[in-house]
Engineer: 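This is the structure I want to talk about, given as structure tokens.
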Amino acid sequence: MGGKILILSSLLAALLAPTARADGPGRIYMQPAATDTGVISGKVAGAVLTHAIAIERDRTRVYLATLDAGGSGFRFDKLPVGRFDLVLVTRDNRVIEGLGLGAALQLPADREKHLEQGVVKADSFFNRRLRHRTGIDGEVALVFVERIRDGRILRGSGEVIDANLRRLEIIELREAADEWQMVRTRHLYREEAPRVKGLPFFAHRHLPALGGLRVGGAPRDLGTIDLTKK
């Protein structure tokens, strides 16, 4: 009987043990509904895009654009009626965003430290992180954060991934006593990156013109967006 208990305990420990596995981006992006007809399109100057992402203002639905062959144009088809913020990722490792995060958040040193600790605790799989921008919406802090894992990563099959992993997300945190607790998170981007030592974070730029875009029945063309500024 004691041997059976030991075996069961070992199996349970193995199941509960944390793993460093990555099985791909997962289902980050919504599949467009046939009944939706909203369109956002545009071009960029001064950059080549790898991703153009549209986030609904309530941060529940995220859509991925189709890019043209040269990476200078993007188009979102079949978006629902609503307001959207865009995030653009470029080939030269920049992220340009118009996310609606509320008013700029300025905190005393102790509360700032607790907020950073809350961001760290929200996901221990990624060993490095950078808060690109933080805002306040009511009683909730909204953090646009980039995470990088440059440690050993395994696929579900056990195969070692010869790459680093990078993720962009919006985290919602609520302050309670002397800590900030995560309410929810919405992933926006999750891709493998070259396995180099000290992989740099994206260079970040907030571009308000990419935020609060209303989508209705008529297509919305943003024209050419100047990304020459770095």
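Index from 1, following the sequence.
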Engineer: Contact between Leu130 and His204 at the side-chain level, heavy atoms closer than 4.5 Å - yes or no?
Structural biologist: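 Heavy-atom side-chain distance check fails, nothing below 4.5 Å.
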Engineer: Is the shortest heavy-atom distance from the side chain of Leu207 to the side chain of Leu86 under 4.5 Å?
Structural biologist: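 A side-chain contact is absent here, since even the closest heavy-atom pair is not under 4.5 Å.
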Engineer: For Tyr189 and Phe202, take the angle between the two ring planes, folded into 0 to 90°, and tell me which bin it lands in: parallel under 30, tilted 30 to 60, perpendicular over 60.
Structural biologist: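 Aromatic pair Tyr189/Phe202 classed perpendicular.
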Engineer: Side chains of Arg94 and Leu227: closer than 4.5 Å at any heavy-atom pair?
Structural biologist: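 Yes, side chains in contact.
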Engineer: For the atom pair CD1 (Ile170) and CG (Leu142), what is the distance rounded to the nearest 0.5 Å?
Structural biologist: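 Separation between the atoms: 7.5 Å.
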Engineer: Say you draw a straight line from CZ of Arg149 to CG of Leu165; how long is it, rounded to the nearest 0.5 Å?
Structural biologist: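 One gets 9.0 Å once the value is rounded to the nearest 0.5 Å.
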Engineer: Looking at Gly46, is its backbone amide N or carbonyl O close enough to the side chain of Asp226 to form a donor-acceptor pair, meaning the two atoms are under 3.5 Å apart?
Structural biologist: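 No.
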Engineer: At what distance, to the nearest 0.5 angstrom, does CZ of Arg61 lie from CE of Met30?
Structural biologist: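 If I round to the nearest 0.5 Å, the distance is 6.0 Å.
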Engineer: Can you tell me how far CG of Leu64 sits from CD of Gln31, rounded to the nearest 0.5 angstrom?
Structural biologist: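 Going from CD on Gln31 over to CG on Leu64, the span is 10.0 Å.
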Engineer: Does the pair Asp123 and Arg167 meet the rule for a salt bridge (charged side-chain N to carboxylate O under 4.0 Å, His left out), with working shown?
Structural biologist: CA-CA 11 Å; Asp123 195 324; Arg167 189 175 76 201; 2.7 Å; yes
Engineer: Would you compute the distance between atom CZ of Arg186 and atom CZ of Arg184 and round it to the nearest 0.5 angstrom?
Structural biologist: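 These two atoms lie 9.0 Å from each other.
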Engineer: Flag yes if Val140 and Leu173 sit in one hydrophobic cluster, no otherwise; membership is Ile, Leu, Val, Met, Phe, Trp, Tyr, and two members link when side-chain heavy atoms are under 4.5 Å apart.
Structural biologist: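 As far as the 4.5 Å side-chain criterion goes, Leu173 and Val140 are not connected within one cluster.
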Engineer: Taking atom CG of Leu188 and atom CD1 of Ile28, what is their separation to the nearest 0.5 Å?
Structural biologist: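 Here the interatomic distance stands at 7.5 Å.
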